[in-house]
Trainee: 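Before anything else, here's the structure in question.
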Amino acid sequence: MLLLVAGCRTSAFLVANAPTAFEHFDRHLDIPYGEDRRQRLDVYTPRNAVNRPVVVFWYGGSWTEGSKANYRFVGATLASRGLVAVLPDYRLFPQVTFPLFDEDGARAVAWVEQHIQQFGGDPGHIVLMGHSAGGHTAAFLAFNHAFLRKFGADPKDISGLVGLSGTYVLVPDTDSLRATFPPPATEQDWQPVRFVDSQAPPTLLFHGLDDKEVLPEESIELRDALVRNHVRVELHLFPHRGHRDTIAPFALVARWRTPVVDETVKFVESVTGGE
């Protein structure tokens with residue numbers, strides 16, 4: 001558990017994913033949603049699923065690293081709770097810069113709308129979820145309706161957003177981030193909070209108050225923007241918890257760290273009618 005909370009590295013992922021080998025769900029691997037080798041996704045489904053709510057999850061990694069295979073524990077946990085989970089890979093820096101990784105996200109959503117029914121999912125009830133940099137992508141797609149439509153996805157199918165320690169008010173403050181979000185794009189183009197309007201989907205936000213990688217003020221600012229636009233929003237702030245304490249509990253060994261799993265499932269069921 002300490003490995004998992006301390007850092008998302010090989011040993012931590014081995015610990016997190018070990019119990020998933022014994023779960024009862026179906027897993028469909030490396031399905032292409034584009035031509036690039038990084039444009040692949042995995043689908044986790046409850047056995048005999050029919051018209052179940054869908055959660056699309058993007059992992060973090062500062063847009064420079066990450067693999068869907070490391071987050072098997074997220075897909076397994078969601079599937080074990082009766083939800084269809086989709087975990088896409090996406091292109092990373094330096095192969096691409098903004099907005100191409102978010103374009104991959106939009107294409108993955110379009111694939112889900114077109115194909116998820118054959119895996120037992122309901123294409124009309126999709127919740128977007130992401131951790132850290134993946135929280136940026138989930139929120140960017142949930143709020144930027146025109147961007148989603150541009151890549152063949154329908155915003156009307158997005159029933160909700162779940163943000164786990166996400167960056168919604170990003171100001172690039174390192175050479176790597178400035179290279180990842182280069183001119184001529186500006187903060188107005190990439191900050192999800194800028195796209196919040198009254199048509200934003202219901203939103204559930206989690207953040208640790210001891211998070212030093214993405215400050216909790218980003219979730220607070222997003223919550224306030226949604227409130228101003230009269231959008232349903234819940235924000236859970238966890239004292240003495242850090243950046244990984246919102247994703248680690250999807251692994252059984254760290255389930256006790258925060259109540260994110262139960263709260264996420266309850267939220268998804270409430271916005272999709274999936275109870």
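All values below come from the heavy atoms of this structure, side chains included, with hydrogens, waters and symmetry mates left out. Position 1 is the first residue of the sequence; numbering continues from there.
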Trainee: If you measure from CG on Leu128 to CG on Leu141, what distance do you get to the nearest 0.5 Å?
Mentor: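 Reported to 0.5 Å precision, the distance equals 6.5 Å.
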Trainee: Is Tyr71 reachable from Leu29 through a run of hydrophobic residues whose side-chain heavy atoms are each under 4.5 Å from the next?
Mentor: no
Trainee: Going by the rule ring-ring contact (aromatic ring centres under 6.0 Å, His included), which residues pair with Phe267 if we only count those two or more places apart in sequence or in a different chain?
Mentor: none
Trainee: Is the shortest distance from a Lys or Arg side-chain nitrogen in Arg81 or Asp262 to a carboxylate oxygen in the other one below 4.0 Å?
Mentor: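 Judged by the 4.0 Å cut-off on N to carboxylate O distance, Arg81 and Asp262 do form a salt bridge.
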Trainee: Locate the shortest heavy-atom distance separating Thr167 from Val214; write the atom from each residue and the value.
Mentor: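 Result for this residue pair: CA-CG1, 3.9 Å.
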Trainee: Please confirm whether the backbone N or O of Tyr59 pairs with a side-chain atom of Tyr90, one donor and one acceptor, at under 3.5 Å?
Mentor: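 Between the backbone of Tyr59 and the side chain of Tyr90 there is a qualifying donor-acceptor contact (under 3.5 Å).
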Trainee: Decide if the gap between the ring center of Tyr44 and the ring center of Phe25 is smaller than 6.0 angstrom.
Mentor: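 Yes - the distance between ring centres of Tyr44 and Phe25 falls below the 6.0 Å cut-off.
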Trainee: Under 3.5 Å, which donor-acceptor pairs link side chains of residues 219-236 to any protein atom two or more places apart or in another chain?
Mentor:
unit_1, atom_1, unit_2, atom_2, d
Ser219, OG, His207, ND1, 2.7
Asn229, ND2, Ala225, O, 2.9
Arg232, NH2, Ser270, OG, 2.9

Trainee: Mind checking the CG-CG spacing from Asp245 to Asp210? Nearest 0.5 Å is all I need.
Mentor: 9.0 Å
Trainee: Do you know which two heavy atoms are closest between Pro53 and Val268, and how far apart they sit?
Mentor: CB-CG1, 4.0 Å
Trainee: Mind jotting down which residue pairs meet the side-chain hydrogen bond (donor to acceptor under 3.5 Å, both in side chains) criterion with at least one end in residues 150-160? Sequence neighbours excluded, please.
Mentor: none
Trainee: Applying the side chain to side chain contact (heavy atoms under 4.5 Å, CB included) test to Ser165, which of His131, Glu213, Arg244 qualifies?
Mentor: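 Of His131, Glu213, Arg244, side chain to side chain contact (heavy atoms under 4.5 Å, CB included) with Ser165 is met by His131 alone.
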Trainee: To the nearest 0.5 Å, what is the distance between CG (Leu177) and OG1 (Thr64)?
Mentor: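 OG1 of Thr64 is found 9.0 Å from CG of Leu177.
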Trainee: With a 6.0 Å cut-off on ring centres, are Trp63 and Phe181 close enough?
Mentor: yes
Trainee: Can you tell me if Gln118 has over 12 outside heavy atoms packed within less than 6.0 Å of its CD?
Mentor: yes
Trainee: Closest approach of Ser80 and Thr77, non-hydrogen atoms and distance?
Mentor: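 Nearest pair, atom of Ser80 first, then Thr77: OG-O, 2.7 Å.
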Trainee: For residues Val74 and Met129, determine if any side-chain heavy atom of one lies less than 4.5 Å from a side-chain heavy atom of the other.
Mentor: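 Of all side-chain heavy-atom pairs linking Met129 with Val74, at least one is under 4.5 Å.
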Trainee: Distance-only criterion, 3.5 Å: show the donor-acceptor pairs between side-chain atoms of residues 98-107 and protein atoms not counting sequence neighbours.
Mentor:
unit_1, atom_1, unit_2, atom_2, d
Asp102, OD1, Thr137, OG1, 2.8
Asp102, OD2, His136, NE2, 2.8
Asp104, OD1, Gln39, NE2, 2.9
Asp104, OD1, Arg91, NE, 3.2
Asp104, OD1, Arg91, NH2, 2.8
Asp104, OD2, Arg91, N, 2.9
Asp104, OD2, Arg91, NE, 3.0

Trainee: Atom CD1 of Ile247 and atom CG of Leu164: how far apart are they, to the nearest 0.5 Å?
Mentor: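 Between atom CD1 of Ile247 and atom CG of Leu164 there are 5.5 Å.
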Trainee: Out of Phe147, Tyr168, Phe140, Trp190, which residue meets the ring pair (Phe, Tyr, Trp, His ring centres under 6.0 Å) rule with Phe195?
Mentor: Phe140
Trainee: Using modelled atom types only, decide if a donor and an acceptor are shared between the side chain of Ser67 and the backbone of Ala69 within a distance under 3.5 Å.
Mentor: yes
Trainee: For Asp197, enumerate each residue passing the salt bridge (Lys or Arg N to Asp or Glu O under 4.0 Å) test, keeping only those at least two apart in sequence or located in another chain.
Mentor: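 Partners of Asp197 by the salt bridge (Lys or Arg N to Asp or Glu O under 4.0 Å) criterion come out as none, since no residue qualifies.
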Trainee: Would you find a donor on one side and an acceptor on the other, under 3.5 Å apart, between the side chain of Asp189 and the backbone of Thr186?
Mentor: yes
Trainee: Side-chain heavy atoms nearer than 4.5 Å, only ILVMFWY residues, links allowed to pass through others: does that put Leu215 and Leu170 together?
Mentor: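 Shared cluster, no.
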Trainee: Report, one line per pair, each donor and acceptor closer than 3.5 Å where one atom sits in a side chain of residues 30-37; sequence neighbours left out.
Mentor:
unit_1, atom_1, unit_2, atom_2, d
Asp30, OD1, Lys68, NZ, 2.5
Tyr33, OH, Asp89, O, 2.6
Asp36, OD1, Gln95, NE2, 2.9
Asp36, OD2, Arg38, N, 2.8

Trainee: Okay, side chain of Thr174, backbone of Pro172: is any donor-acceptor separation there less than 3.5 Å?
Mentor: no
Trainee: Would you name the heavy atoms of Val260 and Thr246 that are closest together and state the gap between them?
Mentor: CG2-O, 3.5 Å
Trainee: Give the cluster check for Val55 versus Leu148: same hydrophobic cluster or not, with ILVMFWY residues linked at side-chain heavy-atom distances below 4.5 Å.
Mentor: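 Yes; tracing contacts between hydrophobic side chains, which count when under 4.5 Å, links both residues.
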Trainee: If you measure from OG1 on Thr45 to CD1 on Ile116, what distance do you get to the nearest 0.5 Å?
Mentor: 8.5 Å
Trainee: Are the side chain of Arg241 and the backbone of Thr258 linked by a donor-acceptor contact shorter than 3.5 Å?
Mentor: no
Trainee: Determine the minimum heavy-atom distance between Ala248 and Ala254, stating which atoms define it.
Mentor: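 Distance-wise, the nearest heavy atoms are O-CB, 3.5 Å.
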Trainee: Atom CZ in Phe206, atom CD in Glu263: separation rounded to 0.5 Å?
Mentor: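 If we round to the nearest 0.5 Å, Phe206:CZ and Glu263:CD are 6.0 Å apart.
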